[in-house]
Amino acid sequence: MPLSTPNDPGAPAGRTESYDLVVVGAGPAGLAGAVAAAERGLSVALLDGDAQLGGQFYRHPAPGLGAAAPEALHHGWAAFDALRRRWEGSGGVHLPQHHVWTVAGERAATPGAGADGASWVVHAVTGPDGDDERSVAVRGRAVLLATGAAERHLPFPGWTLPGVIGAGGAQAMLKSGLVLPGGRVVVAGSGPLLLAVASSMVTAGARVPALVEASGYLGYARRPDVLATGPGKLVEAAGLVTRLLGRGARPYPRHAVVRAHGTERVEAVTVARLDGDWRPVPGTERRVPCDAVAVGHGLVPRIDLATALGCETRRTVDGAVALVVDPAQRTSVPGLWSAGETAGVGGALLAMTEGELAGTAVAARLRGVSVARPSARTRSLLRTRARLRAFADLMAAAHRPGDGWPAWLDDDTEVCRCEEVTAGRIGEAVEDLGAGDARTVKLLTRAGMGWCQGRVCGPAVACLATRGGRGAEQRPLPASPERRSPAVPVRLSTLAALDPDPGED
Amino acid sequence: MPTRHPTAASDVIVVGAGMIGAACAYYASRAGLSVTVLDRGPVAGGTTGAGEGNLLVSDKEPGPELDLALLSHRLWLELAPALRAEAEFEPKGGLVVASDETRLDALRRFAKAQGDAGVVTVEIPGDRLHDLEPRLAEGLAGAFHYPQDAQVQPALAASHLLRAAGARLRLGEEVTALLTGPDGAVRGVRTANGSRLHAPRVVNAAGTWGGAFARLAGTELPVLPRRGFVLVTEPLPRLVRHKVYAADYVADVASDSAALQTSAVVEGTPAGPVLIGATRERVGFDRTPSTEALRRLALGAARLFPVLAGVRVMRAYAGFRPYLPDHLPAIGPDPRVPGLLHACGHEGAGIGLAPATGLLVSRFLTGTAPGLDIRPFRPERFSPELLGETA
Amino acid sequence: MTRNIPYTVRLQPGENMPRRLGRSTDPRPPAPLSLVDARPGPPVEFTFDGRALTALPGQSLAAALWAAGITSWRTTRGGGRPRGAFCGIGQCFDCLITVNGRPNRRACLVPAAPGDVVTTQEGHGRAALDPQ
């Protein structure tokens, strides 16, 4: 029996449906959490911007495309399929195409207050891109934020040319739309995702003339200690490389794409060898013709909803900002749980592990069950999590961007794609005006003030901002996570039509 | 570029690298003093970076704050044109609209009094409103145009004033103690990294944290935060030309300035987004989003400019206005700590009032006559037992 | 909301290759459609800047435009430079496009619908609001 049913009479009046648990994000972490909670008797709403379950990792073609074998583009599809079936039998409510823009805390006095006295209203806009007229609010006694990750980008001259796309973006477009950005796709950047992307591109029929990896390519795979902790069969990556080579993909370890050429779209790239700090080594440049570039430097957690609520964060090994969670996946804000990439990027298996831990913990909390003696299953999940987190940290360290990457920027390289702010202008703000952090650079240059609100340029701007300049002889400025609210754009009319708060008059 | 002599003494240390601190540094430097500016965070990291950059006379009733605003208005126009351009100074003018005849009458009386105090006001009849603001809602009774109202981009204004001041800038460095001599007079400050910076005068320009700094300095100033939210829309063509707000806001000002709550104030920016302010709440330093504040702002803005209903809000953020109980800033020397001056508590008007504040502070520092009745701004006015001694 | 791009690479080539690919004698790599054994429904017809195009049912506008060899459908506000899809997951807003007169739609998220009139978005896409 759910502890409270949707629309229970105890809930405040209005159109807001109430659940025990509201899960934001239907990827591996959110889905696993929703399943665990629903199977333990909680009423669960699972919100996601996409039309289908799966998140980015298990992104798959729309039903209209009639893909009989979506697993051909996926790894571990069976695990997802099993989880999806369990969810469908759990009685939980899936709210697809719901883009959550804010999570608002309610007063502890609210009837039906949930875990730790908190109660939450999760606000979403609807439609494929959140532009439909209808907006929705659901109330939860607990909230699980499983908002995943986004790709980290380091700008380079020409990266704004059409045809230069995110490596994850190329993968996503292929997984959902069954399309390629061109016939010859240079895959570049850093991180294990690149291998998967190159493999997908080749499998789907593209040529990969260059596979460019800034770190020591597969260096970690040669370390037996790392391999021993590795969750997957990393050694098979070597087999993959061999196969990519067979398809004409040329690997460029310790190289970077330092320039994209073209006028209306990308026609070629310059690849250069990097020194240990990722500075291009003069004289090593070579030009590689291509139709597209799929580029990315690993992933960074997406935690806008959490930081807006003041959740505590930590700096990860590779310089990203992730949420601090306890062994039960609780954030520092009572009543808010988080699982998966938000707590530190670590892959789908870790996300599912954490999701299950979170769903189990929420159920125990709301049902008042003591967790002093965790079950055998929980203990096993905790061990898996520890092992995968350790492995993720090793991977993150191996692919941490080198300090010298800004050497491949020109003064006129656009760093902020939305507001077209160049590296030169950011340099002026840092050198002449005393900006020493991303927020101040933003205030002085508009870098990060456009449509994406710095979600793309933020990590790069933060690097550029802390490199020196006026006042730099002092100790480093305290880093605080950027608060970005709303998490997605919302129409003014949607805000104007929110239910009035009677307590505010 | 500023000179860098971390250990050298200066004539004055300004604590706070926001707009007020920048203006204090600028005018002190122009008066021939050597200045060091310290901030525990970055430039414009507090209220300055969270505001819209209002230089307003329109919302002020006749009195000491309006006098300060009018002086500031003149000073903005006296700044070098290059500096004004870098601060994105826009003499856009304000438009205060009245929805009905009753409100228009109240606005007329208010504007008349302002006019007597030196504010330029022009009544715009309801049928001419669209000449000034083509996208304004239909059916409004009328408005008053305030050509002296202007806008700057506050973070740019503060950082370029600081650069023009040529002050030594020490960022990310928190003051941990005020250094005083045996007579209790200021000798400088100690900072978190152990540095001892010497100066016979210290200016508290710590904004919302000015009360905390006053306590650190062994005195008292009841500065409290008053939260405000601002909505930022997607980039748009210039469909809002002035700073536009409803007369209810003014009526509130005229009757009881403490009762201001949530009149929407709408304006365009050179970069494209429309900014919508301004709520006022006393909730401490809580930045978590308030959907009720967003609802009220959105509703108010869409009533003034129905065309905005369909555009999207990209960002909503909170800032904290530093306010004092009588809603006037504290400007001037603190008789309790010789050598300490205050320049904080400007609530939502700090960007506009900064030049006048900086000029007054520089006159105190140099012993020049302030040229304005400064009694309403005395920092010790909240400690009645002290007023007798210094009145 | 979930953005779980794969991180840990656990490639198992034999297991994940479609049967057809397993044959090393096949000289042509398969197109993405045959890879997942797709049998799409009837195509969706729409126009882009007046040009008649088709999308497979369920494909995003960005995917349909890519399939037609089109990689840019927006010009920037400042420099008037061409842009198209970048992040592919709705995060970067680079792929903004005007659909049936409504600007600022994310082409990587919005599916093509029959009869859609899709146009390149110039700058902010809100010229219609300009009072001048």
Side-chain angles (χ1 to χ4, degrees), chain A residues 24-28 30 48-49 55-57 62 64-70 72-73 75 100 128-129 146-150 162-163 165-166 168-169 172-174 177-179 181 192-193 195-196 204-205 232-233 236-237 239-240 243 264-265 299 302 341 345 347 351 417 420 451-452 455-456, chain C residues 1-13 15-18 21 28-33 35-41 56-60 62-64 66-67 71-72 76-79 81-94 96 102 104-106 108-111:
Chain A
V24 183
D48 193 284
Q56 296 307 329
F57 190 90
L65 282 158
L73 283 166
H75 315 291
V100 175
D129 62 343
T147 44
I165 49 176
M173 294 279 286
L174 176 60
L178 303 177
V179 288
L193 173 65
L195 275 176
K233 296 157 184 164
E236 289 182 15
L240 172 70
R243 201 164 58 83
E264 294 304 301
R265 61 167 298 166
L299 305 180
R302 286 188 60 200
E341 312 289 48
V345 170
R417 301 172 66 93
E420 300 165 80
W451 270 104
C452 92
R455 290 177 178 95
V456 174
Chain C
M1 291 299 296
T2 307
R3 303 295 180 224
N4 287 312
I5 299 169
Y7 174 76
T8 307
V9 181
R10 291 182 297 122
L11 290 163
Q12 297 163 18
E15 175 188 308
N16 289 305
M17 294 303 106
L21 241 191
R28 281 185 310 118
L33 283 169
L35 178 64
V36 294
D37 203 7
R39 293 183 181 81
L56 299 175
Q59 260 184 339
S60 68
W66 272 18
T71 51
S72 64
T76 59
R77 263 156 62 225
R81 301 296 302 150
R83 296 282 178 87
F86 180 70
C87 80
I89 62 169
Q91 278 269 298
C92 75
F93 294 81
D94 239 1
L96 296 179
R102 256 165 87 182
N104 298 320
R105 308 298 307 274
R106 279 171 280 174
C108 73
L109 298 182
V110 178

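These figures come from a predicted structure and were not determined experimentally. The sequence lines fix the lettering, A, B, ..., with proteins before strands; numbering per chain opens at 1.
- What you find for C/Gly90 and C/Cys108 is that their closest heavy atoms are N-SG, 3.2 Å.
- Interface remark: C/Ala64 contributes no atoms to any contact with chain A (heavy atom separation under 4.5 Å).
- When the candidates A/Gly163, A/Pro181, A/Ala172, A/Pro70 are compared by the number of heavy-atom contacts under 4.5 Å with chain C, A/Pro181 comes out ahead.
- Contact count versus chain A (heavy atoms, under 4.5 Å) is highest, among C/Gly58, C/Ala85, C/Gly78, C/Ala67, for C/Gly78.
- Of all the heavy atoms in A/Val456 and C/Phe86, the pair that sits closest is CG1-CE2, 4.2 Å.
- Of the listed residues (C/Asn104, C/Val110, C/Leu56), the greatest number of heavy-atom pairs within a distance under 4.5 Å of chain A belongs to C/Asn104.
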### Message
Run C/Arg105 and C/Leu96 through side-chain contact (heavy atoms from CB on, under 4.5 Å) and show every step you take.
### Response
CA-CA 5 Å; C/Arg105 308 298 307 274; C/Leu96 296 179; over 6 Å; no
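- The candidate from A/Gly177, A/Gly166, A/Ala62, A/Gly64 with the greatest count of non-hydrogen atom pairs under 4.5 Å with chain C is A/Gly64.
- Of all non-hydrogen atoms in A/Pro28 and A/Phe57, the two that sit nearest each other are CG-CB, 4.2 Å.
- With chain C as the partner, the residue from A/Arg455, A/Met173, A/Arg417 showing the most heavy-atom pairs under 4.5 Å is A/Arg417.
- Proximity to chain C (any heavy atom under 4.5 Å) is restricted, for A/Leu174, to the side chain, taken from C-beta onward.
- Taking chain A as the reference chain and counting heavy-atom pairs below 4.5 Å, the highest number among C/Arg77, C/Arg39, C/Arg102, C/Arg83 is found for C/Arg83.
- Taking CZ from C/Arg81 and CD from A/Glu264, the interatomic distance works out to 5.5 Å, rounded to the nearest 0.5 Å.
- Atoms CG and CD, on A/Leu299 and A/Gln56 in that order, are 10.0 Å from each other to the nearest 0.5 Å.
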